[in-house]
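See below for the structure under consideration.
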Amino acid sequence: MAPDPMAELKRQAALAAVAHVESGMKVGLGTGSTAFFAVEEIGARLRRGDLRDIVGVPTSTRTAEQARGLGIPLAGLDALDHLDVAIDGADEVDPRCDLIKGGGGALLREKAVERLARRLYIIVDHGKLSARLGTHFALPVEVVPAAWQREAEALAAHGCAPALRQGAGAPYVTDNGNHILDCRFAHGIADTHALAAALDARPDVKAHGLFLDMATEVIVAAPGGITTLRPG
Ligand code: A5P
């Protein structure tokens, strides 16, 4: 089968991020098709003996299963007060290195894990870059299931069209038992910090996909090679 060029870009970005992982580190393990390659590479380096004494903190049940299958020792968030690094993908990245995440539904744990990381490496292909967040990707907002309609109305007041994410014939349920509203903004999100503050203040919003001021580096893979973006 011919290699998938997009998968190859994701793999290259993942390898560049895993190069920052050293023996003895506590590592946040992201979720998604790009983070998958990073987890695979950490497993391979452990098997070869190039890395030792790694503790991984997974951001989803999917990633936990993958990491277990590769023999990566895991810990829960409760067991640690910080992580040395975390590596994860993103759905959209702006020039400030702010992100939309949560396309894979793992946003709540991703944010909880990645907040504890001293360095957060975001790995993307060049198609994820955007002048303004929300232009290309709907913003995922994780809400308490019983309150989804009220939350959808409140979100619409911010100028977006929220849609309840569907799974197999029923609303999608996250690892935390919540639903997701995917919020499409016709012209992108004008003020990401104001929107994040408004969402953070709503008790029935359990997480949102705006990851602001969190990435240390964004590693971007394009056909011409790898570039690294830094905030500021
Ligand atoms: C998972 O909830 C997401 O935040 C992913 O990290 C993000 O959607 C990127 O996924 P891909 O690498 O599959 O595009």
Side-chain angles (χ1 to χ4, degrees), residues 4-18 27-42 56-67 77 83 85-94 97-117 120-130 133-143 163 165-167 171-184 189 192 196 199 205-222 226 229:
D4 172 355
M6 195 53 87
E8 184 50 27
L9 291 182
K10 293 176 184 198
R11 199 179 68 83
Q12 284 171 15
L15 296 195
V18 174
V27 185
L29 304 173
T31 295
S33 58
T34 316
F36 175 90
F37 289 111
V39 176
E40 200 174 64
E41 178 66 9
I42 291 169
V57 179
T59 53
S60 63
T61 51
R62 250 175 301 157
T63 298
E65 277 168 28
Q66 183 196 2
L77 256 192
L83 302 172
V85 300
I87 302 173
D88 203 353
D91 300 304
E92 204 171 328
V93 178
D94 77 5
C97 293
D98 285 337
L99 319 168
I100 286 182
K101 287 182 48 55
L107 59 164
L108 192 155
R109 289 196 204 173
E110 288 175 340
K111 205 175 264 184
V113 168
E114 290 158 20
R115 266 197 189 120
L116 293 185
L120 170 58
Y121 294 97
I122 294 297
I123 47 179
V124 293
D125 61 76
H126 59 116
K128 304 283 186 67
L129 300 181
S130 160
L133 293 182
T135 311
H136 303 301
F137 205 85
L139 175 68
V141 179
E142 181 165 345
V143 297
R165 189 180 294 185
Q166 297 297 316
Y172 177 82
V173 178
T174 69
D175 281 354
N176 319 295
N178 298 317
H179 289 342
I180 290 184
L181 292 162
D182 288 306
C183 301
R184 198 157 284 289
I189 302 170
T192 49
L199 297 177
V205 168
K206 292 302 165 192
H208 58 79
L210 285 170
F211 283 48
L212 308 180
D213 306 314
M214 288 181 67
T216 317
E217 287 189 8
V218 178
I219 298 172
V220 185
I226 298 272
L229 309 177

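Basis for what follows: all heavy atoms, side chains included, without hydrogens, waters or symmetry-related copies. In each ligand, atom 1 is the first atom listed, and ligand 1 is the first ligand listed.
Among the atoms of Lys128, some N or O lies under 3.5 angstrom from an N or O of ligand 1. Not a single N or O atom of Ala35, backbone or side chain, sits closer than 3.5 Å to an N or O atom of ligand 1. Polar contact check, Ala106 against ligand 1: a nitrogen or oxygen pair lies under 3.5 Å apart.
The ring pair (Phe, Tyr, Trp, His ring centres under 6.0 Å) test applied to Phe211 returns no partner, not counting sequence neighbours. The side-chain hydrogen bond (donor to acceptor under 3.5 Å, both in side chains) check on Glu142 picks up Thr174, Asn176, Asn178, with sequence neighbours excluded.
Close approach of ligand 1 to Gly103 is summarised as follows: ligand atoms under 4.0 Å from at least one heavy atom of the residue are 3 (C), 8 (O). Near Gly105, with a cut-off below 4.0 Å to any heavy atom, the atoms of ligand 1 are 2 (O). Residue-ligand proximity, Gly102 to ligand 1, at heavy-atom distances under 4.0 Å covers atoms 2 (O), 3 (C), 4 (O).
If you look at Ala90 next to ligand 1, the close heavy atoms, those under 4.0 Å, all belong to the backbone.
Taking CD1 from Ile87 and CD from Glu114, the interatomic distance works out to 10.0 Å, rounded to the nearest 0.5 Å. Interatomic distance, CG of Asp98 versus CG of Leu212, reported as 4.5 Å (0.5 Å rounding).
Checking Lys101, Arg62, Arg115 one by one against Glu110, the salt bridge (charged side-chain N to carboxylate O under 4.0 Å, His left out) holds for a single residue, Lys101. Here the options are Val143, Val173, Leu107, the test is side chain to side chain contact (heavy atoms under 4.5 Å, CB included), and the partner is Ile180; only Leu107 passes.
Protein heavy atom in closest approach to atom 12 (O) of ligand 1: Thr34 OG1, 2.6 Å. For atom 11 (P) of ligand 1, the nearest protein heavy atom (residue, atom name, distance) is Ser33 OG, 3.4 Å. Among all non-hydrogen protein atoms, the one lying nearest atom 5 (C) of ligand 1 is Thr31 O, 3.2 Å. Nearest to atom 1 (C) of ligand 1 among the protein's heavy atoms is Glu110 OE2, 2.9 Å.
No donor-acceptor contact under 3.5 angstrom links the side chains of Ser60 and Asp175, judged on distance only.
In this structure, Glu92 contributes its side chain and Thr135 its backbone to a donor-acceptor pair below 3.5 Å.
Between Val124, Ile100, Thr174, Asp91, it is Asp91 that holds the heavy atom closest to atom 8 (O) of ligand 1.
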